[in-house]
Amino acid sequence: MEDPKMQVYKDEQVVVIKDKYPKARHHWLVLPWTSISSLKAVTKEHLELLKHMHAVGEKVIADVAGSSKLRFRLGYHAIPSMSLLHLHVISQDFDSPCLKNKKHWNSFNTEYFLESQAVIEMVQEAGRVTVQDGMPELLKLPLRCHECQKLLPSIPQLKEHLRKHWPK
DNA sequence: GTTCTAGAAC
DNA sequence: GTTCTAGAAC
């Protein structure tokens, strides 16, 4: 995060870095300089920061992948691995050797992935972020294609299937 | 979070 | 027999 070589974008409020183990062709993390431990610690005080993080994510997409046909999603993991609030910005090809198991897939393709926009609206309306019960169970759900909903029996078969949704 | 690998699934 | 996953160790 501090290492300039890792920084894709930086301003007074946030820094963007590449995910160390990208789960798609483009996968960045937007981190605020002011450390927020997790979504549980988020209050209305952070509303403008959350909006800024989202806007920066959109800007990096435009700058780096603007001419690609890739679709992107911006969001937070319900139960993050790293305890420092970070916004995932990830292209929807999921074309990456680092995507290896069911947990990887389901953390980006079930309700475990909380849309940035929904988080912002929740903070706007409720003043905080509440996460539903049963998040760990979502990671064990069967593998389902995010584009056509087809069920795939294994990771290798899912990966092969995903190819047909890649933009040409 | 990743790597490693036993044994389940095919 | 080979592929693949899931749990332990880190």
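Excluded from the calculations below are hydrogen atoms, water molecules and symmetry mates; all remaining heavy atoms, backbone and side chain alike, are included. First the proteins, then the strands, lettered A, B, ... as listed; each starts at 1. This one's a predicted model, so the numbers in the text were calculated from it and none came from an experiment.
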* Between A/Lys140 and A/Glu137, is the closest basic N to carboxylate O distance under 4.0 Å? -> no

* To do: Return the value, rounded to whole Å, for the distance between atom CG of A/Asn101 and atom P of B/dT5.
  => 17 Å

* Hey, what do you get for CG (A/Leu143) to CG (A/Asn106), rounding to the nearest 0.5 Å? -> 6.0 Å

* Can you check the A/His104 NE2 to B/dT3 P distance for me, whole Å? -> 9 Å

* So what does A/Lys103 touch, heavy atoms closer than 4.0 Å: a base, only the sugar-phosphate, or nothing? -> sugar-phosphate

* Qualifying residue, where the test is side chain to side chain donor-acceptor pair (under 3.5 Å) with A/Arg73 and the options are A/Glu115, A/His88, A/Gln117 -> A/Glu115

* To do: Could you check how far CG of A/Asp19 sits from C1' of B/dT2, rounded to whole Å?
  => 12 Å

* Structure fact -> A/Ile155 CD1 to C/dC4 C1', in whole Å, measures 10 Å

* Structure fact -> Atom CG of A/Leu99 and atom P of B/dT3 are separated, to the nearest Å, by 13 Å

* **Nearest-angstrom distance from the residue atom CG of A/Leu152 to P of C/dT5** => 11 Å

* Asked: Do any side-chain nitrogens or oxygens of A/Lys23 fall under 4.0 Å of OP1 or OP2 in B/dT2?
  -> yes

* Tell me: CG of A/Leu143 to P of C/dA6, nearest whole Å? -> 9 Å

* To do: With heavy atoms under 4.0 Å as the rule, sort A/His77 into base, sugar-phosphate or nothing.
  => nothing

* To do: Name the nucleic acid region contacted by A/Lys100, choosing base, sugar-phosphate or nothing; use a 4.0 angstrom heavy-atom cut-off, strictly under.
  => sugar-phosphate

* Given B/dG1, C/dC4, C/dA6, the nucleotide with the shortest approach to the side chain of A/Lys102 -> C/dA6

* Between C/dG7 atom C1' and A/Lys140 atom NZ, what is the distance in whole Å? -> 11 Å

* Asked: Any cation-pi pair here, A/Arg144 with A/Trp105, using under 6.0 Å and within 45°?
  -> no

